[in-house]
Amino acid sequence: MTSGDELEADMRRLDMDGRFVSLVMKEESFSAIGIGAPVIVLPVNLLPTVLRQSRGLDRELLTTGLRQSVAQLRRGEPTALLAESLLSLARASEGADGLERQLALIVEAIAALRQAGAPHRLPRAYVALSNVLKKMYRLYDALAALDRAADAEREHRDTGALLAVHYERAAMLRLLGLQAEALSELDHATGALRAIGPGTSDNLWASRIRSETLFCLSELGRAEEALAEADAWLASSPGSAVVTPALVRADVVRRRSGAGAAADDYLEVAIRAARNISSYSSTRFRRGARDHHDQVFTTSISALIEAGQHAGAFAAWEMARSGAALLPRDEDAYVQALRDGMRDEIATEAAELVGHARGALAAGDPSALADCQDRADWLLFRNDMLGRIPRPRAASRELVDAWMAELRGTVKPGTLLLSYAAIGDRVCVFAVTSGSVVCTPLDVPRAEAGLLAMSTARECRGLFPTDALDESARRLLDPVGRLVVDAEAVVIVPCADLHGLPFHAMRPLRGKAVTYSTRAADLRPGKAGRESPLSATSHWTGLGVPSPAYSSMPELGHVRAELRDIGAHFKAPTFVVDPPATAADLLGPTAQADVLHIACHAAFEPGAPHLSRLLLADRPVFSFEIAVTPLDAEHVVLSACETADAAAHQGGHTQSLASAFLNAGASGVTGSLWPVDDWAAARFLTTLYEHRISTGATMADALSWTRSVFAEEAPHPHYWAPFVHIGALGVD
């Protein structure tokens, strides 16, 4: 019986209730998951998406399918099929799942193989174990796992496992500074690859071996050999996402001739890394790919800044933030996905998760909250996959130049874009105008940036003296002071360390229209878009909940008056407040609205931001629910506490109530950075609407004007600065 026959026999013996199907994998398909299983079990409803993909299976499709298959297989006895599915899931989800989680999957697989009496499958399982231990920098444990893999391979003769053993050992020897020994192992790996013959992921393994060889040659100082090999590789793969040859070439040229001579090479490095990120459809996988390339981007951007290539460095920083990787939904495929029942499954899973989240919050159990956060993130991953067919953009220097021109065309005269970048252990700022891009290093170590943001938040929330706010202005704005003075409008793109810092409350920016964005790329036409002018004929919907019965929070006595007074400015407003708004009013089918205004209690959950919630009448509505619900509103105003507070990640990824509405389809969101008083928020927002409608001002302009009015009454930023505008840049 062959390896594949054994797994198919397991499939026939198990009761998979007709919802799953086994796929016999062609050898060339193994490259998606490294050393793959010859049989993969996937849900039937995933097959239409697989068939629509010209590339067949990829990591994201495998991950979403294998997670469901493993859950089903775990209900039965331990089998080789369960073990191989666990190993395939660990490989496929690499970068999108934590290392501890991958380690747990592999350990479970090894135990299942022993229980199922399948020791001949252990060599590859030990290789997978070694790979994860290596990434955790437990190098000696990883080498011990490889020794076990080699012993098992000698007993069971698995040439594919032998290839992986030599390759993984070479990678670890290089990390230990033993490059010459690593090259010897790579020679053995090449011999094993030849013995296997063509077809079995040979391109993948050849690329891996070639990458390690290049790094070894470069680190040994064999520059001529490294450069010749890098040039040959680059010439044979002009549109590739493989980063190694471009990085090695750039490093060699920089050492020889300086950063200026290597500038184009380093931009090519960033472009190739961006290609890799843009090959993924889901935020979770893009986030993992971005983290994987962190050091690559840091090296490239630092070299471009050193070379004085500020526009190129800014382009590389934006690619590092993966803004260019956002893919449009294929509407035909999306509609078909709905018909296939995938959307219904997501809705069912979301409803189930609501119950778990409420229970975890009631118990206050950190581990239960973390589990719900992780489940919500995987739920959003599946939603990202609805109708999303990966189409890697053929990123090139010409595309980057065109993209930069498009972005700078969005930055109109009189507007200044300030994008703060964490490069290595320092922070710098890119100041972008319609005519130039200038990078300015700041006297702010990265560790201190986070402290400034936290200290300022404490001051604004607690009505303390604003020393940290003033210090933030001195260190973050003064270095670009002349540009700030000349600007009428400013767009702030904070790095993750500075997220939540109220730049608009700093003295140099008071009185200016300030917009926030997670990425400069999102400000381009077709991304966040531009605001429509607000008038009495605009479609406005107000949802209000003065006091949810299940909560002990005090009644919001001004909600009804807030909605009544604001709604009075519109000819045909829609109110849902008596009876108060429910989850169905927000998540159910709603009419198109230019503005959706929600006034209620809210709670930001710092340790589990997907569980941040709006407290509607019947139950809390969580951030993850909003993000997976299509929204038919151009702009959302959240009159509630901490709705713009967020957990921020590298790559411009944020998790908050505001970002959930943006993900659901809103062009812009107005929310609060800290708790707001019911009466003060009602007055502030009513004044803001009056100004917008009477003058035609943008949301950012109206916020600036309203802040100045309220600052005259109460000078501390706590009272006038909580509300921020995120998203749309201006008025059409």
With side chains defined as the heavy atoms from C-beta onward, is the minimum distance between [X] and [Y] less than 4.5 Å?
X	Y	result
T541	L543	yes
V676	C641	yes
P717	T466	yes
L498	L476	yes

Report task. Test side-chain contact (heavy atoms from CB on, under 4.5 Å) on E471 and T456 and set out the steps. Result -> CA-CA 9 Å; E471 180 68 5; T456 300; over 6 Å; no

Requested in this report: Inspect the surroundings of NE2 in H292 and state if more than 12 heavy atoms from other residues, nucleotides or ligands are less than 6.0 Å away.
Outcome: no

Query raised in the report: Taking it one step at a time, do V70 and E108 satisfy side-chain contact (heavy atoms from CB on, under 4.5 Å)?
Result: CA-CA 11 Å; V70 164; E108 182 183 354; 5.6 Å; no

Query - Worked verdict on H597 versus S639 for side-chain hydrogen bond (donor to acceptor under 3.5 Å, both in side chains) - result: CA-CA 7 Å; H597 186 107; S639 179; 4.5 Å; no

Query - Spacing of NE2 belonging to H653 relative to NE2 belonging to H499, to within rounding of 0.5 Å - result: 13.0 Å

Query raised in the report: Can you tell me how far the NE2 atom of H725 sits from the OG atom of S517, to the nearest 0.5 Å?
Result: 9.5 Å

**Report entry** Verdict with reasoning, Y420 to V444, per side-chain contact (heavy atoms from CB on, under 4.5 Å)
**Finding:** CA-CA 11 Å; Y420 289 85; V444 184; over 6 Å; no

Query raised in the report: Is any side-chain N of the basic residue among D384 and R284 closer than 4.0 Å to the acidic one's carboxylate O?
Result: no

Query - Test: D377 and R287 ion pair at under 4.0 Å - result: yes

Query raised in the report: Is a side-chain donor-acceptor pair under 3.5 Å present for E605 with Q373?
Result: no

Query raised in the report: If you measure only the distance, is there a donor-acceptor pair under 3.5 Å linking the side chains of E634 and H539?
Result: no

Requested in this report: Report yes or no: is the cationic atom of R67 (NZ for Lys, CZ for Arg) under 6.0 Å from the centre of the six-membered ring of F381, at an angle within 45° of the ring normal?
Outcome: no

Query raised in the report: Honestly, is R59 close enough over Y280, meaning NZ or CZ under 6.0 Å from the six-membered ring centre and within 45° of the axis?
Result: no

Query raised in the report: Does the ring-ring contact (aromatic ring centres under 6.0 Å, His included) test come out yes or no for Y719 and F684, once each step is laid out?
Result: CA-CA 9 Å; Y719 297 106; F684 185 96; over 10 Å; no

Report task. Please step through ring-ring contact (aromatic ring centres under 6.0 Å, His included) for the pair F710 and F723, ending with a clear verdict. Result -> CA-CA 12 Å; F710 279 75; F723 287 102; over 10 Å; no

Report task. Please check if the side chain of E459 supplies one atom and the backbone of D467 the other of a donor-acceptor pair under 3.5 Å. Result -> yes

